[in-house]
Amino acid sequence: MVTLHKLSGEEFMLNENLIETLEARPDTVVTLLNERKYLVKESVAEIAGIIAGYQRSVFGAGKK
């Protein structure tokens, strides 16, 4: 799960495996597989980085 922020500033956790699309319109819209949408403060690039960092921490990328 990753931490994001709604436009109101409220922090929430989101299961990144449920994300279908990320769009910048100009606010970032996160659409889940169940078609639920969230407007968030983070940019598309920031969210991609947050997800990549989370996956590295979970799956241990680079460890031998």
Side-chain angles (χ1 to χ4, degrees):
M1 306 250 311
V2 296
T3 302
L4 298 176
H5 298 87
K6 295 181 181 180
L7 294 181
S8 66
E10 181 182 348
E11 183 176 280
F12 69 104
M13 301 290 290
L14 182 68
N15 182 337
E16 78 288 350
N17 293 314
L18 298 179
I19 296 173
E20 182 173 13
T21 61
L22 297 172
E23 302 170 81
R25 309 181 159 192
D27 294 323
T28 305
V29 179
V30 179
T31 304
L32 305 183
L33 294 172
N34 63 4
E35 298 184 17
R36 185 164 187 174
K37 296 180 185 292
Y38 292 94
L39 292 174
V40 298
K41 287 187 173 185
E42 292 81 6
S43 69
V44 170
E46 287 174 312
I47 296 170
I50 291 167
I51 291 170
Y54 173 75
Q55 290 178 341
R56 277 193 299 274
S57 73
V58 170
F59 299 114
K63 292 184 181 180
K64 293 183 179 185

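Being a predicted model, the structure only gives us computed values, none of them experimental. Numbers here are sequence positions counted from 1.
Every residue two or more places apart in sequence or in another chain was checked for a side-chain hydrogen bond (donor to acceptor under 3.5 Å, both in side chains) with T3, and none qualifies. Every residue meeting the side chain to side chain contact (heavy atoms under 4.5 Å, CB included) condition with I51, not counting sequence neighbours, appears here in chain and number order: V2, E16, I19, I47, Q55. The side chain to side chain contact (heavy atoms under 4.5 Å, CB included) check on N17 picks up N15, with sequence neighbours excluded. Remark: K37 pairs with T31 by the side-chain hydrogen bond (donor to acceptor under 3.5 Å, both in side chains) rule, at least two apart or across chains. Remark: R25 engages E23 in a salt bridge (charged side-chain N to carboxylate O under 4.0 Å, His left out) (not counting sequence neighbours). For F12, the ring pair (Phe, Tyr, Trp, His ring centres under 6.0 Å) partners are Y38, not counting sequence neighbours.
Side-chain contact between L39 and V29 is present, with heavy atoms from C-beta onward closer than 4.5 Å.
A continuous path of Ile, Leu, Val, Met, Phe, Trp and Tyr side chains, each step under 4.5 Å between heavy atoms, connects L18 with V40, placing both in one hydrophobic cluster. Hydrophobic cluster membership differs between L33 and M13, with clusters built from Ile, Leu, Val, Met, Phe, Trp and Tyr side chains linked at under 4.5 angstrom. No path of Ile, Leu, Val, Met, Phe, Trp and Tyr side chains, each step under 4.5 Å between heavy atoms, connects M1 with V30, placing them in separate hydrophobic clusters.
H5 pairs with exactly one of K41, E11, E10 by the side-chain hydrogen bond (donor to acceptor under 3.5 Å, both in side chains) rule, that one being E11.
The nearest pair of heavy atoms linking E46 to E42 is OE1-CA, 3.2 Å. Listed here is the closest heavy atom pair of V44 and T28: N-OG1, 3.8 Å.
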